[in-house]
Amino acid sequence: MPVSALSTAVVLFGSPGSGKGTQAKLLTKCLKVPQISTGDMLRERVRTGNSVNAAVHATMQAGSLVSDDLVNCMVEERLAEPDCAAGFIMDGYPRTRDQAQHLCRWCQTHGLREVVIHLVVDYNIIIARLTGRRHCPRCGTLYNLITRHPKVNGVCDLDGEPLVHRDDDRESVIRERLEAYRRQTRPLLEYFREQGRPLFEVDGSQDPPEILFQKICQSIRSA
Ligand code: AMP
């Protein structure tokens, strides 16, 4: 049976480096609904920046969370676009209780049901993954120096663009980001349970992305 996204908000939940971005890209191709990555949206704001965005950049560089007001507003604008009407894949949102309440209200008002997929990955694997992570600034393809090496060192397989190491994927910032996850984001699992949202734990430590993807699809199907 094919997996269907009809009127489903899939929330990919997990710490930085748990594989949300990779899985979101696989899911959007299969479900034909958009990936909403608040990290990508914020990086784009910073790139095209004004003085407000300089403050956002500083917050991101420090590994802290950007304000709920800004992120909620940005997400709400994005969800108002027609391609989100039949569902979407949330990647990196919500990250605080305020954001989770915002999304729950939005889904209720718009008749979407949420399914939460929690990607569980061991702390040391996360650190290794994030320090080795590289991406193509042109097409967004993700690589890893240990697990998913490009064919030619430092260059994207698809378009030959030089690969980039994100500023906040350096070890000192990674630890701050993981701490923000532990303090502000992980407790949302309890919130989703309280709200009776279907929540699936998927072990993302060992399986290659394609196998993990099959497990996630199975969970969405059964929700
Ligand atoms: P990500 O690419 O999802 O790892 O996000 C990179 C950075 O963007 C985070 O470390 C935060 O500084 C910021 N960010 C992304 N999403 C959110 C969010 N939902 N709420 C607050 N800050 C966010």
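Whatever order the structure lists them in is the order used to number ligands and atoms, beginning at 1. For the numbers below, each heavy atom of this structure counts, side chains included, while hydrogens, waters and symmetry mates do not. Everything numeric in this text was worked out from a predicted model, so none of it was measured.
Annotation: atom 22 (N) of ligand 1 to nearest protein heavy atom, V66 N, 3.1 Å.
Remark: distances from the non-hydrogen atoms of R166 to ligand 1 include one below 4.0 Å.
Close approach of ligand 1 to D168 is summarised as follows: ligand atoms under 4.0 Å from at least one heavy atom of the residue are 6 (C). The contact set between ligand 1 and R43, taken as ligand atoms under 4.0 Å from a residue heavy atom, comprises 2 (O), 6 (C). The distance from ligand 1 to the heavy atoms of Q99 drops below 4.0 Å at these ligand atoms: 18 (C), 19 (N), 20 (N), 21 (C). Annotation for ligand 1: atoms under 4.0 Å from non-hydrogen atoms of G92 are 16 (N), 17 (C), 18 (C), 19 (N).
Residues R78 and D83 are paired through a salt bridge, judged by an N-O separation under 4.0 Å between the basic side chain and the carboxylate. The pair E179-R175 fails the salt-bridge criterion, with no side-chain N (NZ, NE, NH1 or NH2) lying under 4.0 Å from an Asp/Glu carboxylate O.
Ligand 1 has an N or O atom lying under 3.5 Å from an N or O atom of T38, backbone or side chain. By the 3.5 Å distance cut-off applied to N or O atoms, L42 is not counted among the residues near ligand 1. The distance criterion of under 3.5 Å between nitrogen or oxygen atoms is met by S64 with respect to ligand 1. For a threshold of 3.5 Å applied to N or O pairs, the pair formed by P16 and ligand 1 contains no separation below that value. Note: no N/O pair closer than 3.5 Å links Y93 and ligand 1 by distance alone.
Remark: among candidates R177, M60, R95, the nearest residue to atom 5 (O) of ligand 1 is R95, based on non-hydrogen atoms.
Relative orientation of the Y181 and F13 rings is tilted, given thresholds of 30° and 60° on the angle between their planes.
R177 places a side-chain N or O within donor-acceptor distance of the main-chain N or O of D168, the cut-off being under 3.5 Å. At distances below 3.5 Å, at least one donor-acceptor pair connects side-chain atoms of K32 with backbone N or O atoms of K29. Put simply, the side chain of T96 never gets that close to the backbone of Q184: no donor and acceptor are under 3.5 Å apart.
Contact annotation: the side chain of V11 approaches that of P94 to within less than 4.5 Å [non-hydrogen atoms, C-beta and beyond]. Residues L79 and M90 meet the side-chain proximity criterion, which asks for heavy atoms closer than 4.5 Å.
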Item to complete: For D169 and R134, run salt bridge (charged side-chain N to carboxylate O under 4.0 Å, His left out): C-alpha distance rounded to whole Å, both residues' side-chain angles, the deciding distance at 0.1 Å, then the answer.
Response: CA-CA 9 Å; D169 277 348; R134 300 290 183 274; over 6 Å; no
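Both the backbone and the side chain of L65 come within 4.0 Å of ligand 1, judged by heavy-atom distances.
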